[in-house]
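Everything on this sheet refers to the single structure shown next.
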Protein chains: 2
Amino acid sequence: MTTRSTEQSYSGPQVCRLVGITYRQLDYWARTGLLVPSLASATGSGSKRRYDYTDVLEVKVIKSLLDAGVSLQRARRAVDCLRDGLGQDLASTSLVLTPTGSVLARSNGEIVDLLQGGQGVFNIVPLASVIDDLQADIVALGDGRAEGPAARHPATA
Amino acid sequence: MTTRSTEQSYSGPQVCRLVGITYRQLDYWARTGLLVPSLASATGSGSKRRYDYTDVLEVKVIKSLLDAGVSLQRARRAVDCLRDGLGQDLASTSLVLTPTGSVLARSNGEIVDLLQGGQGVFNIVPLASVIDDLQADIVALGDGRAEGPAARHPATA
DNA sequence: CGTCGAGACGACATCGATGTAGTTCGAATT
DNA sequence: AATTCGAACTACATCGATGTCGTCTCGACG
């Protein structure tokens, strides 16, 4: 259903434009192991990192969490959990960070249950909007194609 | 109920013990204006800050948010909102930080509504547990008394 | 081949939040 | 009033995350 051919791949700068973070951030995340590109890690000067669609999705989730004031470390743990559930239908799922760990909740009911008993703060990321957003951005960035001529400048934004 | 009458007051170090933060943190928050003690700000070396019950509650909410990885700045904005709703019955309320602002939600239904339409991350603090916790800690800290004959100011609400 | 550009790398600077240590003052106690 | 103690103050160090800049290297293309 998702318009992913075999496997789209994205360069670092492309990912940055897609999700709206700086290259330094992505670079830092890759260097510190917070988010390793699935397709190809850097192997030295001149090499190129290659990111997966799911990588980009994770980056976008991380950015969302950062925007919400959540620290990188916590964001990373949350994304670990997200990765575990990648098989599921994420569009109808929310990523919930509880004080004791992160889970994927597949309904509002589950969320309410979690809130009920929990003490502490919950960070909730409705994944639907993140995925929609990302899809739109991918389309906007060069007709849905990821590779090729690195997608011309998108109006410099 | 014999305990906590109208207006207890707490010293800085007391607040720290109550909510489990370091004095340095509370000090920093007071100095940077993030959380000004309601009853008495510091007026120089040797002076003493005096905190309100609601101050302590706010501190505890801030700590909860910090534990959840939320930045101080965002936490502060959230607490602003909390302060606005201090009149209400907070025990059955959740503090919800949305991407666009913070609100007090008085039911799970409200929360679900918020989640439904929103994009981005939500930080949700069920206040009941915070309040319970705090009450228990206050009792544990000296029989419910806040501090001996220390200042009893009206301080309004 | 030699040039060139994109992107990774390295060494810094910065900024917010906090820890540590020592100093100084106000106020309660003697 | 003098002592003492607690708490605020000052100055510095630290740590994570990021910005800046300059360098290096791979790969493409002339």
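Computed over heavy atoms, backbone and side chain alike; hydrogens, waters and symmetry mates excluded. Just so we're on the same page: letters track the sequence lines, and every chain starts at 1.
- Atom CG of A:L34 is separated from atom C1' of D:dT18 by 13 Å (rounded to the nearest Å).
- Going from atom CZ of A:R74 over to atom P of D:dG16 covers 17 Å, rounded to whole Å.
- A straight line from NZ of B:K63 to P of C:dA17 spans 16 Å, rounded to a whole angstrom.
- Counted within 6.0 Å of CZ on A:R76, heavy atoms from surrounding residues, nucleotides or ligands total more than 12; the atom is thus considered enclosed.
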Can you name the atoms? Protein N/O to nucleotides 20-23 of chain C N/O, anything below 3.5 Å, with the distance.
residue: C:dT20; atom: O4; partner: B:R24; partner atom: NE; Å: 3.0

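- Rounded to whole Å, atom C1' of D:dA17 lies 13 Å from atom CD1 of A:I62.
- An OP1 or OP2 oxygen of C:dA17 is reached within less than 4.0 angstrom by a side-chain nitrogen or oxygen of B:Y28.
- Using a 4.0 Å heavy-atom cutoff across all strands shown, A:L66 reaches sugar-phosphate atoms only and no base atom.
- Heavy-atom minimum distance, B:D133 versus A:Q119: OD1-OE1, 3.8 Å.
- Atom-to-atom, CD of A:Q25 to C1' of D:dG16 comes out at 13 Å; the value is rounded to the nearest Å.
- Across the protein-nucleic acid pair, B:R50 atom CZ and D:dG6 atom P stand 14 Å apart, rounded to whole Å.
- Within the 4.0 angstrom heavy-atom criterion, only backbone atoms of the sugar-phosphate kind lie near B:T22; the bases stay farther away.
- Among the atoms of the strands shown, none is found under 4.0 Å from any heavy atom of B:S71.
- Residue B:Q73 places at least one side-chain N or O closer than 4.0 Å to OP1 or OP2 of C:dA17.
- Side-chain contact between B:L95 and B:L97: present, with at least one pair of heavy atoms (C-beta onward) separated by less than 4.5 Å.
- Summarising the geometry, atom CZ belonging to B:R106 is positioned 10.5 Å from atom CG belonging to B:L90; distances are rounded to the nearest 0.5 Å.
- Distance from the side chain of A:K48 is smallest for C:dG7 among the nucleotides C:dG7, C:dC9, D:dA7.
- One atom, CG of A:L26, and another, P of D:dG19, lie 12 Å apart when rounded to the nearest Å.
- The side chain of A:W29 places an N or O atom within less than 4.0 Å of a non-bridging phosphate oxygen (OP1 or OP2) of D:dT18.
- Residues B:G120 and B:P99 come closest through the heavy atom pair CA-CG, 3.8 Å.
- Rounded to the nearest 0.5 Å, atoms NZ (B:K63) and CG (B:L134) are 13.0 Å apart.
- Closest contact between the side chain of A:L72 and the listed nucleotides C:dG7, D:dG6, D:dT18 involves D:dT18.
- How far OG1 of A:T93 is from CD1 of A:I131: 7.5 Å, rounded to the nearest 0.5 Å.
- Atom-to-atom, OH of A:Y51 to P of C:dG7 comes out at 12 Å; the value is rounded to the nearest Å.
- Using a 4.0 Å heavy-atom cutoff across all strands shown, B:R31 reaches at least one base atom of the nucleic acid.
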